[in-house]
2 protein chains.
Amino acid sequence: MNATETRQRMLQEAEKLYSEHGFDGMSLRTLTSDAGVNLASVNYHFGSKKELVMAMFQERIMPMNEERLERLNKAREAGNGVASLEGIFDALLIPVAERAQVNGVLDMHFLKMVGRAISESDDFWHELFIRNFQELSKTFVEALAEALPDLPREDVEWRFHFAVSSMLGTLVKHGQFARRMQGLGRSTDIESMFRRLRDFLCAGFRGQVEAMR
Amino acid sequence: MNATETRQRMLQEAEKLYSEHGFDGMSLRTLTSDAGVNLASVNYHFGSKKELVMAMFQERIMPMNEERLERLNKAREAGNGVASLEGIFDALLIPVAERAQVNGVLDMHFLKMVGRAISESDDFWHELFIRNFQELSKTFVEALAEALPDLPREDVEWRFHFAVSSMLGTLVKHGQFARRMQGLGRSTDIESMFRRLRDFLCAGFRGQVEAMR
DNA sequence: GTCTATAGTCCGATAGAC
DNA sequence: GTCTATCGGACTATAGAC
């Protein structure tokens with residue numbers, strides 16, 4: 001088997017296992033045996049378990065974040081330099097939604113993988129944030145501040161924090177929630193879920209800042 | 001040492017370790033040694049690691065949820081039978097905020113403990129939800145539906161899901177986010193954070209339901 | 001680059017003396 | 001109810017043959 005295929009197989013299996021069990025709960029023995037590669041190849045190709053998982057994020061998140069930035073730029077152009085709130089959140093959310101389907105079939109692994117990152121140890125998360133999300137966050141906060149020039153900067157940042165938390169929490173729990181909703185005869189398709197989330201977040205951002213109480 | 005004290009020491013230490021490392025990442029050896037009790041007492045008092053953690057949630061969550069329901073009832077009375085959105089979210093959030101301080105000092109363990117539950121394995125979460133949150137969720141969804149009679153029930157449920165996700169995500173990441181905000185000279189006290197979150201969620205719920213697109 | 005074999009460590013759980 | 005001692009098994013990482 002060639003080197004790139006071995007690497008690719010491990011990364012793919014990592015995504016599945018990480019989404020189901022998180023970093024501490026996944027084992028390299030299960031990973032390599034399910035991926036059909038040798039246990040020792042983890043260290044040969046990645047150096048350590050941590051770097052394997054970091055690489056998994058990098059390879060999946062980076063292209064997604066580029067798409068997010070492209071969409072944000074298009075939303076800015078469409079608004080003559082200032083993107084609409086809806087445009088901003090679509091830019092943030094649609095690239096995630098697109099990756100929830102593999103060959104047209106709903107696949108929760110990517111969603112849960114992204115959402116689960118929120119609960120990793122502070123050290124791990126910090127490194128992940130610096131490597132993959134710091135720049136993106138800054139750009140989106142800028143865009144939001146431009147879209148809502150009357151909202152104090154401090155509130156923009158807090159609300160972005162709430163919005164990202166909501167998105168990640170929704171992702172990690174979507175599978176179970178969708179199952180419950182389905183039992184009640186509710187619609188659970190991924191597009192309508194993301195549209196509802198987008199509208200919820202936009203409305204949250206548009207809320208007034210209350211006077212000091 | 002008497003039995004209740006041993007139990008209590010373990011539960012307290014469990015809260016700290018669970019909030020920092022999650023279920024898979026915490027070890028009973030560390031727990032018992034830090035708590036100053038014997039390793040074997042975990043199984044004697046709780047039967048298993050899982051039941052220890054379940055007991056930890058139960059003992060902390062149940063009184064909090066009772067307080068939430070009391071506050072919700074008071075908010076209903078204040079509104080002649082229908083609570084305001086603000087009253088509902090205060091009922092949900094204030095009992096959490098109160099527990100973020102121990103002897104007047106900010107203590108993130110409880111917040112992170114609650115927030116972290118969101119990323120546990122589906123089985124564990126499901127059991128935790130049934131035992132501790134199912135009834136509460138139903139009551140709060142009812143209250144929200146009454147407060148917003150024109151919002152379709154399906155949207156009430158989705159938005160509650162988003163709101164809870166936002167709350168949990170915010171809790172688990174609050175420590176790190178607050179540190180970053182503090183570096184920027186922002187205010188980070190827990191009361192203003194929860195007030196901002198409440199206003200964000202209320203505004204999200206008040207948003208219009210868009211027509212089918 | 002892939003394999004086997006294993007070092008070295010940690011884990012949850014439990015048996016049995018006190 | 002608490003202790004020691006240990007079982008039986010999992011884990012990551014690595015050395016070294018091919």
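Letters A, B, ... mirror the listed sequences (proteins, then strands); counts begin at 1.
- One can place CZ of Arg7(B) at 12 Å from P of dT2(D), the figure rounded to the nearest angstrom.
- For Ser48(B), the side-chain atoms get nearest to dA13(C) when compared with the rest of dA13(D), dT4(D), dA13(C).
- Side chains of Ser121(B) and Asp123(B): no donor on one and acceptor on the other come within 3.5 Å.
- Look at NE2 on His45(A): it is 15 Å from C1' on dT14(D), rounded to the nearest Å.
- Residue Tyr44(B) contributes atom OH, which lies 17 Å from atom C1' of dT4(D) at whole-angstrom precision.
- Note: Phe23(B) and Phe124(B) meet the aromatic proximity criterion, with ring centroids under 6.0 Å apart.
- Among the nucleotides dA13(C), dA13(D), dC3(D), the one closest to any side-chain atom of Asn38(B) is dC3(D).
- A close approach under 4.0 Å does occur between a side-chain nitrogen or oxygen of Thr6(A) and OP1 or OP2 of dT2(C).
- The CG atom of Leu39(B) sits 11 Å away from the C1' atom of dT6(D) (whole-angstrom rounding).
- Remark: aromatic rings of Phe200(A) and Trp158(B) are distant, center separation not under 6.0 Å.
- Checking dG1(C), dC11(D), dT4(C) against every side-chain atom of Ala40(A), the shortest atom distance belongs to dT4(C).
- Rounded to an integer number of Å, the gap from CZ of Phe46(B) to C1' of dG1(D) is 14 Å.
- Within the 4.0 Å cut-off from OP1 or OP2 of dC10(C), not a single side-chain nitrogen or oxygen of Ser27(B) is found.
- With values rounded to the nearest 0.5 angstrom, Leu31(B) atom CG is found 5.5 Å from Leu17(B) atom CG.
- Judged by closest nucleotide on DNA chain D, Arg29(B) is the one of Val42(A) and Arg29(B) placed further toward the 5' end.
- Minimum atom distance to the side chain of Thr30(A) is reached by dC11(D), of the listed dC11(D), dA13(C), dT4(C).
- Taking only side-chain atoms of Lys49(A), from C-beta outward, the nucleotide of dT14(D), dA13(D), dC11(C) with the closest atom is dA13(D).
- The side chain of Asn43(A) sits closest to dT14(D) out of dT14(D), dA13(C), dC11(C).
- The distance between atom CG of Leu31(B) and atom P of dA13(C), rounded to the nearest whole Å, is 12 Å.
- Out of dT2(C), dA13(D), dG12(C), the shortest distance to the side chain of Leu28(B) is found at dG12(C).
- For the pair Leu17(A) CG and dA10(D) P, the computed distance is 16 Å after rounding to whole Å.
- Atom-to-atom, CZ of Phe23(A) to C1' of dC11(D) comes out at 12 Å; the value is rounded to the nearest Å.
- Checked for salt-bridge contact, Glu13(B) and Arg9(B) miss the test: no charged N lies under 4.0 Å from a carboxylate O.
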